[in-house]
Amino acid sequence: MKAVYIAEHGGVDKLLYGELPDPVHEGSEVLVRVRACGVNHVDLWVRQGLPFLRVRLPFILGVDVAGEVVAVGPGARSVEVGTRVMLFPGISCGRCEHCLAGEDNLCPHYELLGKSLPGGYAQLVKIPSQNLIPLPATITWEEAACIPVAFGTAWNMVFEKAGLHPGEWILIHAAGSTVGSAAIQLARLVGANIITTAGSDEKLEKARALGAQYLINYRRQDFLHEVRRITKKRGVDVVIEHIGEEVWERSLLCLATGGRLVTCGATSGYQAKTDLRHVFFRHLQIFGSNSATKAAWFKISRLLQEGKIRPVLDRVLPLTEAQQAHRLLEERTQFGKVVLVPE
Ligand SMILES: [Zn+2]
C-alpha cells in the first residue's frame with residue numbers, strides 16, 4: 001500500500017511517501033480502507049520524537065481515520081465488509097480495573113493509533129472491531145476525519161473533567177484549533193457563557209458562528225485583561241487549554257474562586273510556572289485530560305446524527321502533501337481540521 005511514514009524523527013522533511021507492506025489483521029481486528037485522515041498536533045510530536053515514546057520505524061502517523069471496512073478477522077463476526085466507519089483511536093486492554101470501570105482512557109496499557117500503533121496516513125489500517133464507530137450517512141469521509149480526536153478530547157475536558165454547568169463562564173483557548181472549535185460547540189449545548197481566543201478576527205467570526213459569545217484577539221488584546229473586563233472581575237469557572245507555557249499563568253489568574261482548569265496539551269512549551277498560592281487560597285482545580293472513554297462516543301455520535309454538533313473542516317489535501325499539512329499546523333493558520341486523502 002501507499003503510505004506517508006517516518007524512517008527517523010525530525011522536521012517536516014522526514015515525512016516520506018512510498019510503498020509499505022499492507023497491515024495483516026487477525027483475531028477480532030478488521031482492515032479499513034482509509035478514505036480520509038485528519039492531522040493532529042500529536043502527529044507533529046510523534047514526527048519530531050518524544051523522550052518517552054518509542055515507535056517501531058518506519059512508522060505511519062495518523063490518529064483520526066474515516067474509511068470503510070474491507071476485511072474482517074474471524075473474531076469480529078458482527079462487522080460487515082463495506083460498513084462506513086470512523087475509528088476510535090484509543091486501544092485499551094479491556095481487562096484492567098480502569099477498563100472494567102468504563103475509564104478505558106486511563107488504561108495502563110493504552111495505545112493510540114498513529115502514536116504507538118501504525119496510523120491512518122496510508123491506504124489501509126488495521127484496528128480492533130470494538131474501535132469502530134458507525135458513520136452517519138449525512139457525514140462525508142472528510143468531515144468524519146475531523147471528529148474523533150477533536151470531539152472526544154473536548155468532551156472529556158468540558159464534561160468529564162470540568163463538569164461544566166449551564167450558566168457557568170468558560171474560557172476556551174484557541175478557537176481555531178480542532179479541540180477549541182469542538183469545545184465551543186459542546187459548551188453551547190449546555191448553555192454556558194463562552195469566551196474564546198484566536199489570532200485573527202476572521203477566526204473569531206467563525207468561532208461566533210459556532211456559538212462563542214465573547215471574542216478575544218490575542219494578538220491585539222491581553223486575554224487576562226479581557227476576561228476580567230467581560231466577567232466584571234469575577235473570572236471564569238472553567239478554562240480549556242492546550243497551549244501550555246504561553247498562557248498557563250494568566251489562565252490560572254482568569255479563574256474565579258473554585259475554578260477548574262483542564263489541559264490536554266502544551267503546544268507552546270510544557271515547563272509552565274504555577275504560583276501555588278492561587279491554587280490553594282482560591283480553591284482551584286487543575287485537571288489533565290487525554291483522549292476520551294469509548295462510552296462517550298455513544299453520546300457524541302447521537303449529537304452528530306441529530307445535527308447538534310458539526311465537524312469543522314479547514315481544508316482537504318492529498319496524502320502526498322502531508323508535509324504541507326504539518327506546516328499549516330505549525331504556522332497555526334488553519335481553522336478546524338486539515339484532512340489528508342489517500343489516492
Ligand atoms: Zn485496561
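Indexing begins at 1, ligand by ligand and atom by atom, following the structure's order.
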Residue pair Arg260 / Lys161, side-chain heavy-atom distance below 4.5 Å: no
Transitive ILVMFWY cluster of Leu100, excluding itself - 4.5 Å side-chain cut-off: none
Protein N/O/S count near the Zn ion (ligand 1) (criterion: distance under 2.8 Å): 4
Ionic contact status for Asp43 with Lys115, cut-off 4.0 Å: no
Selection residues 238-274 - residue pairs positive for ring pair (Phe, Tyr, Trp, His ring centres under 6.0 Å), sequence neighbours left out: none
Where at least one partner belongs to residues 330-343, residue pairs that pass salt bridge (charged side-chain N to carboxylate O under 4.0 Å, His left out), sequence neighbours excluded: Arg47-Glu330, Asp64-Lys337, Glu246-Arg332
Thr231 and Tyr214: side chain donor to acceptor below 3.5 Å: no
